[in-house]
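Everything on this sheet refers to the single structure shown next.
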Amino acid sequence: MDKTFDFKKLESGLYDSWEKSGVFTPKIETGKQPYTIIMPPPNANASLHIGHALFVTVEDIMVRYHRMKGEPTLWLPGADHAGIATQVSFEKELAKQDKTRFDLGRDEFVKQTFDFTVKNRITMENQLRALGASCDWTRKKFTLDSDVSEAVFTTFKKMYDEGLIYRGERIVNWCPRCATSLSDLEVEHKETEGVLTYIKYPVVGGGEIVVATTRPETMLGDTAVAVNPNDKRYVKLVGQKVLLPLMEREIPIITDIVVDMEFGTGAVKVTPAHDSTDFEIGQRHGLPTISVIGQDLKMTESAGRYAGMKTKEAREKVIADLQTVGLIEKTQPHLHSVGRCQRCDSVVEPIISKQWFVKIASLAKPAIEAVKRGAIKFIPQHFEKLYFNWMENIRDWNISRQLWWGHQIPVWYCQAQQVKSDKLKVISEGGDNFIVSAERPGKCPVCGKCEMCQDTDTLDTWFSSGLWPFTTLGWPKSTEDFKYFYPTTMMETGWDIIFFWVARMIMLGIYCTGKPPFELVYLNGLVRDQEGNKISKSKGNVIDPMMMVEKYGADALRMGLVVGTAAGNDTAMSEDKVRAYRNFANKIWNAARFINLEVSTPKAVKEVELTAEDTAWLKEFDEMIRETTKMMEQYQLGQAAEKLYGYFWHTFCDKHIEAAKPRLKDEQQKETAAAVLDHILKNSLIMLHPFVPFVTEAVWGELYDDQLITAAWPK
RNA sequence: GGGCGGUUAGCUCAGUUGGUAGAGCGUCACAUUGACGUUGUGAAUGUCAGAGGUUCGAAUCCUCUACCGCCCACCA
């Protein structure tokens, strides 16, 4: 054996031999309870970052542990097409060549994006291998695989047929840069310094009512003024009309409970087409919606003489015009939150648009129940509160995106009825005569002749992600895999995607299969830098996991990520820490090297005569096994790792090996000392293996004949 | 407006049935052909944010306060 553990030389060979030996692929053994983790599929648009390395480590530890316990263990890998994220990142690639997606056209764009994801997937899969991920590559999936897509379309159709998906003209979050609608979750609110403008609206028949707004240009689309029903100041005005300035349109003064008497003047202009609260007020009062801003952020025809202007320009002009007629009372600085696109940071515009929605209430109810009755448990448990908090206030989910990259919505329109799209390149087109079908329909059932055209929208990427725990296992077909491995055991992912992903998997899982998709949700935290800062490219504190693997080995990185980390808590990562665990891997190597040199053909501890001290040591070791196993069962991985680390280094190496040195030279004591060392080393290697798989397997190969990865966990 | 989390060694953090405070890095002293210097031995450093309560006993349970951080929301 070399003097140090040469991870660079050994790691990839060790991985290959595991993979080739087929141990990653479980055998279906009826009667045995399987242990299943579906890997959160990394986005196919980039390499793995340190956060991926953390989840890979945690999952691989659990998978190796359960495999060693003799359970049929499946860890199913995959990749996510990551709709908007990938489209935005590939568009950035195109921008480097001064191109936009429109230069390529939809088909070519999709083709090139696909090629882009294929490249990324290959890189990503090799990175997973480098980290030691013992997942079953024979079962790997991609969200755009034909069988997965088919399951997605089938689900869409089922939900439509059962009234859970509807198409509606509603107010949605519109990202002008991405040219698509977004779900509420994809909008990030940021505090922004704005201006509150107080505008006087003349009351028909005399007087005036002052409203305050941060967006004066939207007044062109006002269809009411609202006050709180309990507001004494305006009692006399309610029911009267105001003459909307600039547009010279009469609109009513109404009451609505959402109006805050304390804010501004207590009177609010209502623009149902450009504000979600106003939209709801409009719905309650049957107000018309007048869209004055288009998808391109230009004022529409309905904006009268402001038509064609950009919103910013229109705002200035509206203020100037109001000023001229003396209708601006005052302005004041105002801090408020502005929605921005999660992917590209553009300011999101609420507009009216025809979109597809999931009716969420009936899906949320059993999903809340499942967690309440403990069918699904969260680690750490306090995240259940967060889950309930969101689920109990959940709103319908906009699932259509005006993107090109993703699952195209399986809805087919009769072309005879098709509404011609306008000049906008991205508008979702289609009339009202459509059918929903998982496959391209043969003949148009509406006109009997046309080739139906498919909806141009794609599905929110999280729709397919929500089905992931079972589409990966072959659902909706009743495959052997689905029958055996579903419901899965654990879903391990970041707490930051509880709403995006975990909640949707629970809702759709129960809806589609009748069962919660997993028993346990283990939430890992964010990996931060040494000072506890969030890691980001702009801060320049990115820790590339592959660089760490290159410099210190995968074992060192894994230990560095997992020791001192608790579920749900953020982890501070530093190179120093990784270096320290590189030393630990080397310590393991050298302890084994010593025993390899000094001990040959050791007997079992049962076959030798033990001293009282030996017995005490073995008892202490058994206690360590018991405690560590308990921690593993309770998913206290950081503590288990630390215990093993401390025991192996400071008890086994520093005490036992040191004490054994003179004994091994003594003919009388030699046999016993060797047996005890071998016993503890062997079982320590087994328990350390899930954490540091490479060095333990390498050492095992030097000492024993079989493979460590399938050795039995000690009892 | 509602909710959640944190406050433990110089730094970053563990500490899950309440029982004499732990790790990594850093610091100091000593050891040095011996499995490993990617080492060993020893040492220093903590009123576990503050106050009150429960208890034989609290970093751990309860209440309040302070300061950080985060999430959600229809802040016109």
Side-chain angles (χ1 to χ4, degrees), chain A residues 1-5 171 184-185 189 191 194 196-198 211-215 218-219 225-226 256-260 262-271 274-281 334-338 350 379-386 388-390 393-395 495-496 498-499 525-526 528-534 552-553 556 559-560 562-598 630-631 634-636 638-639 641-643 645-646 649-650 653-654 657-658 661:
Chain A
M1 288 173 79
D2 292 343
K3 210 172 171 187
T4 54
F5 171 51
I171 191 148
D184 296 338
L185 283 178
H189 296 272
E191 288 280 287
L196 196 59
T197 305
Y198 289 74
V211 297
T213 179
T214 52
R215 306 202 48 202
T218 62
M219 69 159 289
V225 168
D256 197 286
I257 197 71
V258 301
V259 179
D260 179 1
E262 307 295 317
F263 190 92
T265 60
V268 57
K269 58 191 269 320
V270 182
T271 322
H274 298 291
D275 182 282
S276 58
T277 311
D278 292 5
F279 182 80
E280 283 168 19
I281 296 174
H334 179 63
L335 197 65
H336 65 302
S337 83
V338 172
I379 295 179
Q381 203 185 353
H382 71 252
F383 281 114
E384 289 177 8
K385 287 184 205 163
L386 188 68
F388 292 135
N389 195 0
W390 188 69
N393 297 295
I394 198 166
R395 309 172 85 184
W495 56 259
D496 53 324
I498 289 179
F499 306 147
L526 261 46
R528 295 172 182 274
D529 74 5
Q530 208 162 356
E531 279 82 45
N533 296 310
K534 214 167 176 174
Y552 304 108
M559 280 298 275
V562 83
V563 176
T565 301
N569 288 6
D570 293 351
T571 310
M573 192 59 204
S574 68
E575 192 164 337
D576 279 347
K577 211 172 161 187
V578 180
R579 195 186 298 118
Y581 293 109
R582 184 273 318 265
N583 297 351
F584 178 56
N586 193 54
K587 191 77 183 173
I588 297 171
W589 175 265
N590 271 290
R593 180 163 167 254
F594 173 76
I595 290 164
N596 198 22
L597 288 170
E598 301 293 325
K630 192 178 163 201
M631 288 170 177
Q634 294 177 344
Y635 289 86
Q636 296 162 21
Q639 286 179 77
E642 199 173 319
K643 187 163 246 345
Y645 171 91
W649 196 318
H650 301 297
C653 292
D654 294 349
I657 291 183
E658 290 308 319
K661 281 175 182 174

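Everything numeric in this text was worked out from a predicted model, so none of it was measured. Naming convention: chains lettered A, B, ... in sequence-line order (proteins, then strands); numbering from 1 in each chain.
Closest non-hydrogen pair, A:Leu335 versus A:Glu191, comes out as CD2-OE1, 3.2 Å. Nearest heavy atom pair, residue A:Leu196 against residue A:Thr214, reads CD1-CG2, 3.8 Å.
Atom pair A:Lys587:NZ and B:rU39:P shows a separation of 7 Å (rounding to whole Å applied). Distance A:Ile498 CD1 to B:rC70 P: 17 Å, rounded to the nearest Å. Between the CD atom of A:Glu191 and the C1' atom of B:rC72 there is a distance of 14 Å, given to the nearest Å. The distance between atom CD of A:Gln634 and atom C1' of B:rA14, rounded to the nearest whole Å, is 16 Å. One atom, CD of A:Gln381, and another, C1' of B:rU16, lie 11 Å apart when rounded to the nearest Å. Atom NE2 of A:His382 is separated from atom C1' of B:rU16 by 14 Å (rounded to the nearest Å). Between A:Asp496 atom CG and B:rC4 atom C1' the separation is 15 Å, expressed in whole Å. When the C1' atom of B:rG5 is taken as reference, atom CD of A:Glu384 falls 16 Å away, rounded to whole Å.
For A:Asn590, whose side chain is taken as the heavy atoms from C-beta onward, the closest listed nucleotide among B:rC72, B:rC75, B:rC36 is B:rC36. Picking from B:rA76, B:rA35, B:rC36 the nucleotide with the shortest atom distance to the side chain of A:Asn586 gives B:rC36. The side chain of A:Gln639 has B:rG15 as its nearest neighbour among B:rA76, B:rG15, B:rC25. Listed nucleotides: B:rC75, B:rU16, B:rA76. Nearest to the side chain of A:Val268: B:rA76. With B:rC36, B:rG15, B:rA76 as the candidates, the nucleotide lying closest to the side chain of A:Ala566 is B:rG15.
Between A:Tyr552 atom OH and A:Glu575 atom CD the span is 3.5 Å, to the nearest 0.5 Å. To the nearest 0.5 Å, atoms CG (A:Asn586) and OG1 (A:Thr4) are separated by 5.5 Å. Rounded to the nearest 0.5 angstrom, A:Arg582 CZ and A:Met559 CE are separated by 14.0 Å. Taken from CD1 in A:Ile379 to CD in A:Glu384, the straight-line distance is 10.0 Å, to the nearest 0.5 Å.
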Does A:Thr265 form a side chain to side chain contact (heavy atoms under 4.5 Å, CB included) with A:Tyr198? I'd like the steps, not just the answer.
CA-CA 8 Å; A:Thr265 60; A:Tyr198 289 74; 3.6 Å; yes
Are any protein N/O atoms closer than 3.5 Å to N/O atoms in nucleotides 18-23 of chain B? If there are, list each pair with its distance.
{"unit_1": "B:rA23", "atom_1": "O4'", "unit_2": "A:Glu642", "atom_2": "OE2", "d": "3.2"}

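At a cut-off of 3.5 angstrom, counting only N and O atoms as typed in the model, there is no donor on one side facing an acceptor on the other between the side-chain of A:Glu262 and the base of B:rA76. Evaluation of atom-type donor-acceptor distances gives a pair under 3.5 Å for the side chain of A:Ser337 against the base of B:rC75. Donor-acceptor pairing under 3.5 Å, judged by distance alone, is absent between the side chain of A:Lys3 and the base of B:rC36.
A:Arg593 and A:Asn596 share no side-chain donor-acceptor pair at under 3.5 Å.
Applying the 4.0 Å criterion to OP1 and OP2 of B:rA35, one finds that A:Lys661 has a side-chain N or O inside that range.
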Applying the Watson-Crick and G-U criteria (both distances under 3.5 angstrom) with [ ] for crossing and | for other-strand pairs, one obtains for RNA chain B ((((((((.[[[[.)...(..]]]].(((((.......))))).....[[[[[..)....]]]]])))))))....
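Nucleic acid contact class of A:Ala591 (heavy atoms, under 4.0 Å, all strands): base. Using a 4.0 Å heavy-atom distance criterion, A:Ala267 is classed as a base contact. Here A:Arg593 lies in heavy-atom contact (under 4.0 Å) with sugar-phosphate atoms only. Residue A:Asn569 is classed as a sugar-phosphate contact, given heavy-atom separations below 4.0 Å to backbone atoms only. Within the nucleic acid shown, A:Asp654 comes within 4.0 Å of sugar-phosphate atoms alone, with no base atom in reach, counting heavy atoms only. Contact annotation for A:Ile657: base contact, defined as any heavy-atom pair under 4.0 Å involving a base atom. Contact annotation for A:Ala212: base contact, defined as any heavy-atom pair under 4.0 Å involving a base atom.
A cation-pi arrangement is not found for A:Lys587 relative to A:Tyr645, the charged atom failing to lie both closer than 6.0 Å to the ring centre and inside a 45° cone about the ring normal.
Between A:Ser276 and A:Ile171 the shortest side-chain heavy-atom distance falls below 4.5 Å.
Going from the C1' atom of B:rC36 to that of B:rG50 covers 48 Å, rounded to whole Å. The same atom, P, is picked in B:rC70 and in B:rU45; the two are 36 Å apart, to the nearest Å. Between the P atoms of B:rG5 and B:rU16, the separation comes to 16 Å (whole Å). Taking atom P in both B:rC62 and B:rU7, one finds a spacing of 15 Å when rounded to whole Å. Taking atom C1' on both B:rC48 and B:rU8, the two are 4 Å apart, rounded to the nearest angstrom. Taking atom C1' in both B:rU17 and B:rU60, the straight-line distance is 11 Å, to the nearest Å. A distance of about 22 Å separates the C1' atoms of B:rG15 and B:rU54, rounded to the whole Å. Between B:rA59 and B:rA9, the two C1' atoms lie 14 Å apart (nearest whole Å).
In this structure, A:Gly564 and A:Val259 both approach RNA chain B, and ranking their closest nucleotides by distance from the 5' end singles out A:Gly564. Position along RNA chain B of the nearest nucleotide to A:Lys385 versus A:Trp495 favours A:Lys385 as the more 5'-ward residue.
Residue-environment remark: CD (A:Gln381) stays at or below the threshold of 12 foreign heavy atoms within 6.0 Å.
Under the ring pair (Phe, Tyr, Trp, His ring centres under 6.0 Å) criterion, A:Phe388 pairs with no residue at all, not counting sequence neighbours.
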